[in-house]
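Accompanying notes for the structure given below.
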Amino acid sequence: MPPNTERRRLLGRLGFSRRGTEGRDEIVDALHAHAGLVISAASRITGNLADAEDIAQDLAEKLLRSPPSTVDSWPALLKTMAVNKALDQLRRRRDWSDLPEPEAVTTPEAELADAERAAALRAAVAGLPEREGMLFSLHYFGDLSQVAIAEQLAMTPNAVGVAIHRLRKRLTADVRQRLGLVHSGDTV
Amino acid sequence: MNSIGYDKDDRFLDDCIESVREEYSAPEVQSATAQFRATLPDRAVSTGGRFMRWAGGAVAAALLITLVPQIMPGNGGVAFAQVQSWFEDFRTVYTTTVTTQGDRELSRIEIWATADGSMRLESGPVVQILDASAGTMHTLLPGDRVMSMPVPMEEGGAPASSMEWVQEIRDFQGQAQRLPETRRIDGQEAVGFRLTIDGITVDLWAQPETGRPILMELMMANDVTMRTRLAFDQALPTDIFTVPSHYQPVHSEE
């Protein structure tokens, strides 16, 4: 017969630690509640729903394996993690062959397909430095406010606003170049 | 760049952003979201409250019973001490715990355990295996993957933070009441003992001849009931406490 110590150990293992159960349940609840936000943000960046599901699963596994000690905003945290993972995956892609080579003869903007625009923007975002990529993606693909982004990235809201403004100019030029657009809507 | 050009550039980038945002329709995103949600583990408990301590802990709840002073039934028959002894002397135990609210099932948890500390837990898609000798909990994930993490062990071998829960049970002082009527469970007659712990009523049903526990019921607030079927000393499959060899470990990305 197992001694009391062994029995206590076994019986303790068969029950859940109250603290561990509550923390785990909070994570599970947050993932359920904000699953749509995670999938949406990740799919906008990767352009692939299956990839977005994989990213969401990786994110869930990471959180359950290493629970955060405190969370001020689950939506903001989950979006930030999803955007970060999605950008990593985007940058790992090597084949951008679906994009047309920039040509000297321009294409009228009106004739550009949505898919071409989306692909060019993704490629441009993937080419940004890590922090800038996060800033832009959290705001335009993760729908986070400048204040929320500032909290997640340890910046001031004003700095976030200035950075986004500069990024818009930079990305506009980059995307135009990728699409073979020389001037703003002009045709050569 | 003049103001007209600047406005055009703004609209151009916004159009590109919109192309990205609207690439998938709402139903497509909702479908992917539902698929992701289906992969998430169940909550350990489905409602709040003190019965959280009992989730998946059928045998652990029985530990409480072992701390209750035994009572001799007034009209003979199996004594509560006999029922308690099954939780001390078992070699293997298999439990199935079903939690319901009214007639709605909230959760279902199965546990296999041996006296030497090996344990397997299954709840929905979640499978966990405790390797007591290595102090490691393995969680089997979809896609034939396994996530392993150490289980902090205290002196004496008990997982850290679990003793807090056990100690709270040990502090209980009360007595078990022999229920006046027998009950037919799975085709056999059973005698019952009732305890009340922190406002939670616990009924333990056992075979009258041997005191072998076969069913434990916890009745809680909001019409929530937890029923645990118990099977002691059954032969268990030899491979249920091992991680299948073809499972790939999940590594931390950091």
Side-chain angles (χ1 to χ4, degrees), chain A residues 1-2 5-22 24-25 28-29 31-32 35-36 38-40 43-45 47 49-50 52-53 56-58 60-62 64-66 109 114-118 120-122 140-141 168-169 171-173 175-176 181 183-185, chain B residues 1 5 8-10 12-13 15-17 19-24 28-30 32-33 35-37 39-45 52-63 87-89 111 113 115 117 119 130 132 141-142 147 149 156-159 161-166 250 252-253:
Chain A
M1 172 184 120
T5 302
E6 291 297 313
R7 178 159 55 95
R8 202 163 52 233
R9 176 176 66 176
L10 171 62
L11 295 176
R13 285 179 188 148
L14 292 178
F16 287 105
S17 156
R18 178 172 48 175
R19 190 185 322 144
T21 300
E22 288 173 344
R24 179 180 175 277
D25 280 351
V28 172
D29 287 346
L31 289 167
H32 270 285
V38 171
I39 295 290
S40 181
S43 64
R44 285 169 179 172
I45 294 171
L49 273 176
E53 285 185 53
Q57 284 193 21
D58 289 345
E61 288 166 16
K62 181 178 178 181
L64 290 169
R65 182 173 64 243
S66 303
E109 283 186 31
D114 285 337
E116 289 180 286
R117 274 190 257 250
L121 179 57
R122 286 196 179 96
Y140 289 106
F141 303 143
R168 286 183 61 93
K169 290 194 171 188
L171 285 171
T172 297
V175 173
R176 283 189 179 282
L181 299 172
H183 295 292
S184 304
Chain B
M1 182 180 294
K8 281 189 175 180
D9 279 346
D10 260 359
F12 169 75
L13 185 63
D15 287 344
C16 294
I17 292 169
S19 297
V20 168
R21 292 173 61 90
E22 294 182 353
E23 199 158 25
Y24 286 106
E28 288 175 313
V29 174
Q30 287 168 4
T33 301
Q35 291 184 44
F36 165 59
R37 283 197 176 109
T39 68
L40 293 173
D42 291 337
R43 299 181 92 256
V45 294
M52 171 184 284
R53 301 186 186 91
W54 309 97
V59 178
L63 173 62
F87 296 99
E88 297 176 6
D89 299 333
I111 294 178
M119 186 202 77
L130 176 63
L141 303 170
M147 180 172 67
M149 64 179 87
S161 75
S162 67
M163 296 307 295
E164 171 187 341
W165 173 77
V166 172
V250 172
S252 171
E253 293 183 2

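Proteins get letters first, then strands, A, B, ... in listed order; numbering begins at 1 in each.
With chain A as partner, the option from B/L141, B/V29, B/L40, B/T39 having the largest number of non-hydrogen pairs under 4.5 angstrom is B/L40. Of all the listed residues (A/Q57, A/R168, A/E61), the one sharing the greatest number of non-hydrogen pairs under 4.5 Å with chain B is A/R168.
For the atom pair OG (A/S40) and CD (B/E28), the distance works out to 12.0 Å, reported to the nearest 0.5 Å. A distance of 4.5 Å separates OH in B/Y24 from CG in A/L49, rounded to the nearest 0.5 Å.
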message = Let's go through A/Y140 and B/V20 carefully: what are the C-alpha distance in whole Å and the side-chain angles of both, what is the deciding distance for side-chain contact (heavy atoms from CB on, under 4.5 Å) to 0.1 Å, and is it a yes or a no?
response = CA-CA 10 Å; A/Y140 289 106; B/V20 168; over 6 Å; no
Q.
Between A/L121 and B/L13, is the side-chain contact (heavy atoms from CB on, under 4.5 Å) condition met? List the steps.
A. CA-CA 8 Å; A/L121 179 57; B/L13 185 63; 4.1 Å; yes
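Judged as a salt bridge (Lys or Arg N to Asp or Glu O under 4.0 Å), and not counting sequence neighbours, the contacts of B/E23 are A/R122. Taking the salt bridge (Lys or Arg N to Asp or Glu O under 4.0 Å) definition, one finds that B/R21 meets it with A/D143, sequence neighbours left out.
A/R117 is listed as a side-chain neighbour of B/D15, based on a closest heavy-atom distance under 4.5 Å. Put simply, the side chain of A/R24 reaches to within 4.5 Å of the side chain of B/P41, judged on heavy atoms.
Both the backbone and the side chain of A/A56 come within less than 4.5 Å of a heavy atom of chain B. For B/E22, no part sits under 4.5 Å from any heavy atom of chain A, backbone or side chain.
The shortest non-hydrogen separation linking A/A35 to B/F36 is CB-CD2, 3.6 Å.
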